[in-house]
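To keep things clear, I will list the structure first and then write my remarks on it.
Here the structure is a predicted model, which means the values were calculated and not measured. Every chain is numbered from 1 and lettered A, B, ... according to where its sequence line falls, protein lines coming before strand lines.
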Amino acid sequence: MLKIVFMGTPDIAKLALERIYESGNEILAVVTTPDTQKGRGMKFIPSPVKEYALEKGFKIYQPEKIRKNTEFIETIKDLNPDVICVVAYGKILPKLLLEIPKFGCINIHPSLLPKYRGPAPIQWAVLNGDKTTGVSIMYLDEGMDTGDIIIQEETKIEPKETTGNLWNRLSIMGANLIVTALEQIEAGTVQRRKQEGEVSIAPMLDKEISKINWEEKTGENICNLVRGLNPIMGAYSYLEGKKIKFWDVEYLQNEDVIKDFPELEEYLYKLKDVDPGTVLFSDSKKGLFIKAIDGIIKAIEIQPENSKRMNACDYLRGNPIEIGKIFE
RNA sequence: CGCGGGGUGGAGCAGUUGGCAGCUCGUUGGGCUCAUAACCCAAAGGUCGGUAGUUCGAGUCUACCCCCCGCAA
């Protein structure tokens with residue numbers, strides 16, 4: 001049994017905390033970011049980690065800042081933890097804190113380091129259309145995700161998998177893996193190795209990215225954008241001044257569409273002349289088809305302005321879209 | 001007391017200056033088809049988010065409440 005201080009904030013961290021606790025370790029304290037005003041009405045919402053900690057009665061700390069917060073650092077020092085586990089805490093730990101636990105500070109990072117160092121590794125793996133990714137358990141050092149690796153596990157990214165799906169899977173993998181790492185630390189069999197391979201950075205997602213660029217992006221790019229931003233932001237486009245978000249789309253070749261809908265064949269000759277983003281076919285039974293530079297995007301799940309997500313076909317029933325209108 | 005949008009048959013929407021609650025689909029039954037997600041005919045299905053009020057009369061106007069959604073953080 002190890003004595004652990006856990007630092008983390010979102011749901012991915014909550015799951016890890018849960019597993020660490022359930023596998024028989026002692027949680028000396030939980031550190032999470034202060035409650036923030038979120039959502040409609042700007043109410044103060046505790047982080048998922050805090051909720052779980054409250055439920056289990058763990059000691060909770062929510063310092064505003066930790067760099068130069070000597071009082072907080074002393075508090076942690078007094079707890080005398082064997083290990084500090086950090087999972088998506090949201091703040092960079094100062095050296096003074098890193099040096100406290102005798103077995104070090106370990107971290108879950110949801111990518112195969114050194115690929116995708118930084119805050120948005122899962123999102124970027126999907127956005128870039130990667131076929132595989134993984135989870136790394138590593139020692140923290142003063143850099144950004146540059147510490148030595150303890151264990152890594154790889155997983156495939158399914159062709160239609162969204163960031164949300166992958167996020168859930170990696171959360172579980174990470175939670176299990178950090179427990180394994182803790183067991184190794186306790187048993188004294190833990191190994192560490194330097195990060196090797198090509199380094200890349202996964203920066204925070206810019207808002208700009210969520211607008212679909214029909215002119216320049218290929219059908220595959222658009223598909224990756226849509227699933228990569230689901231469910232965090234959603235990719236959007238404007239139709240007649242109204243913002244429409246795309247939550248699920250399918251990328252089709254012209255031939256695929258003709259095969260399913262022979263009646264579209266008469267439109268085929270027009271395809272070359274039409275601008276990307278143009279609505280090629282719109283019907284509440286067959287769906288909504290939009291031209292991309294190299295094929296056709298079929299909208300499956302969309303979200304109109306001020307409304308909720310819905311099936312594209314449902315939307316078209318009450319809001320018919322004329323063929324020839326252009327998304328931009 | 002951050003800003004804004006909205007709750008109308010199972011789904012998505014319309015409903016003008018208050019005056020019989022509609023549209024596109026779906027569902028059920030029937031018909032036509034070699035056949036169909038196509039077409040034709042018919043039917044069922046709503047206390048219009050809730051409560052109180054104004055009125056001869058409220059989906060529509062007023063007040064309060066509940067729920068949902070978007071932006072912003």
Side-chain angles (χ1 to χ4, degrees), chain A residues 8-14 32-51 62-66 88-92 118-120 123 162-164 167 203-212 225-250 252 255-268 279-290 296-325 327-328:
Chain A
T9 303
D11 51 355
I12 188 173
K14 182 203 146 182
T32 189
T33 45
D35 296 358
T36 48
Q37 288 183 307
K38 278 186 200 290
R40 248 164 272 143
M42 300 296 276
K43 289 175 187 146
F44 281 96
I45 308 287
S47 70
V49 163
K50 183 180 179 184
E51 281 183 356
Q62 297 181 279
E64 281 292 342
K65 56 170 193 173
I66 50 177
Y89 172 59
K91 294 182 195 299
I92 295 171
Q123 293 88 321
T162 62
T163 291
W167 186 285
M204 203 92 86
L205 296 182
D206 193 295
K207 258 194 113 173
E208 274 300 297
I209 194 181
S210 60
K211 181 165 177 175
I212 297 175
L225 183 70
V226 169
R227 61 194 184 97
L229 296 181
N230 178 350
I232 16 172
M233 300 194 259
Y236 71 92
S237 189
Y238 284 98
L239 182 69
E240 300 194 293
K242 287 186 195 159
K243 192 178 191 175
I244 294 187
K245 277 191 184 175
F246 291 75
W247 291 109
D248 189 12
V249 298
E250 204 172 339
L252 303 166
E255 305 82 61
D256 298 334
V257 176
I258 299 301
K259 206 187 315 164
D260 288 343
F261 306 107
E263 66 270 31
L264 290 181
E265 193 151 9
E266 56 179 304
Y267 296 107
L268 192 57
V279 175
L280 297 173
F281 198 75
S282 158
D283 180 280
S284 68
K285 283 182 188 162
K286 305 219 168 77
L288 179 59
F289 297 83
I290 303 160
I296 295 174
I297 293 289
K298 178 182 183 187
I300 297 173
E301 193 185 18
I302 60 176
Q303 179 172 25
E305 244 177 14
N306 293 329
S307 187
K308 52 187 160 188
R309 290 174 171 215
M310 63 183 81
N311 208 295
C313 294
D314 289 344
Y315 176 76
L316 290 174
R317 257 175 231 124
N319 310 276
I321 296 177
E322 269 176 62
I323 293 170
K325 297 283 182 196
F327 278 97
E328 51 194 351

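When the nearest nucleotides of RNA chain B are assigned to A:Lys285 and A:Asn319 by heavy-atom distance, the more 5′-ward of the two goes with A:Asn319.
Taking the side chain of A:Lys308 as heavy atoms from C-beta on, and the options B:C13, B:U24, B:C68, the nearest nucleotide is B:C68.
In terms of modelled atom types and a separation under 3.5 Å, the side chain of A:Thr162 and the main chain of A:Arg227 share no donor-acceptor contact.
A:Phe289 places a side-chain heavy atom less than 4.5 Å from the side chain of A:Leu252.
Remark: B:U27 base-pairs with B:A43; criterion is Watson-Crick or G-U wobble with both hydrogen-bond distances under 3.5 Å. With a cut-off of 3.5 Å on both pairing distances, the Watson-Crick or G-U wobble partner of B:C64 is B:G50. Of all nucleotides present, none satisfies the Watson-Crick or G-U wobble test against B:U55 with each distance under 3.5 Å. As the counterpart of B:C20, no nucleotide is assigned, since no Watson-Crick or G-U wobble pattern has both distances under 3.5 Å.
Taking the P atom of each, B:G2 and B:G19 are spaced 37 Å apart, rounded to whole Å. Comparing the C1' positions of B:A21 and B:G9 gives an interatomic distance of 10 Å, to the nearest angstrom. Spacing between B:C56 and B:C64 at atom C1', rounded to whole Å, works out to 26 Å. When the P atom is compared between B:C69 and B:A63, the two are found 25 Å apart, to the nearest whole Å. B:G29 sits 37 Å from B:U16 when the P atoms are compared, rounded to a whole Å. Distance noted for atom P between B:C48 and B:U8: 11 Å (whole Å). Distance noted for atom C1' between B:G18 and B:U55: 9 Å (whole Å). Across B:C20 and B:C71, the matching C1' atoms stand 42 Å from one another, rounded to whole Å.
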Sequence neighbours left out, cut at 3.5 Å: what donor-acceptor pairs do the side chains of residues 310-321 of chain A make with other protein atoms?
{"residue": "A:Asn311", "atom": "OD1", "partner": "A:Cys313", "partner atom": "N", "Å": "3.3"}
{"residue": "A:Asp314", "atom": "OD1", "partner": "A:Arg317", "partner atom": "NH1", "Å": "2.6"}
{"residue": "A:Asn319", "atom": "ND2", "partner": "A:Tyr315", "partner atom": "O", "Å": "3.1"}

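Counting to the nearest Å, the P atom of B:G12 and the CD1 atom of A:Ile302 are 13 Å from each other. Atoms CE (A:Met310) and C1' (B:C25) sit 14 Å apart, rounded to a whole Å. The nearest whole Å value for the distance from the CG atom in A:Asp283 to the C1' atom in B:A37 is 10 Å. For A:Arg309 and B:C68, the CZ to P distance is 16 Å, given to the nearest whole Å. Rounded to whole Å, atom P of B:C13 lies 11 Å from atom CD1 of A:Ile244. Rounded to an integer number of Å, the gap from OH of A:Tyr315 to P of B:C23 is 21 Å.
Residues passing the ring pair (Phe, Tyr, Trp, His ring centres under 6.0 Å) test with A:Phe246, sequence neighbours excluded: A:Phe327. Applying the ring pair (Phe, Tyr, Trp, His ring centres under 6.0 Å) criterion to A:Tyr236, with sequence neighbours excluded, gives A:Tyr238. Under the rule for a side-chain contact (heavy atoms from CB on, under 4.5 Å), the partners of A:Thr9 that lie at least two apart in sequence or sit in another chain are A:Thr32, A:Thr33, A:Ser47, A:Tyr89. Partners of A:Asp283 according to the salt bridge (Lys or Arg N to Asp or Glu O under 4.0 Å) rule, which considers only residues two or more places apart in sequence or in another chain, do not exist here.
Applying the 4.0 Å criterion to OP1 and OP2 of B:C69, one finds that A:Gln303 has every side-chain N and O outside that range.
One distance of note links CD1 of A:Ile209 with CG of A:Leu229; it measures 6.0 Å at 0.5 Å rounding.
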Mark up nucleotides 2-11 of chain B, 5' to 3', with B wherever a protein heavy atom is under 4.0 angstrom from a base atom, S wherever such an atom reaches only the sugar-phosphate, and - elsewhere. B-BS-----B
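Across all strands shown, A:Lys245 has heavy atoms under 4.0 Å from sugar-phosphate atoms exclusively, and none from any base.
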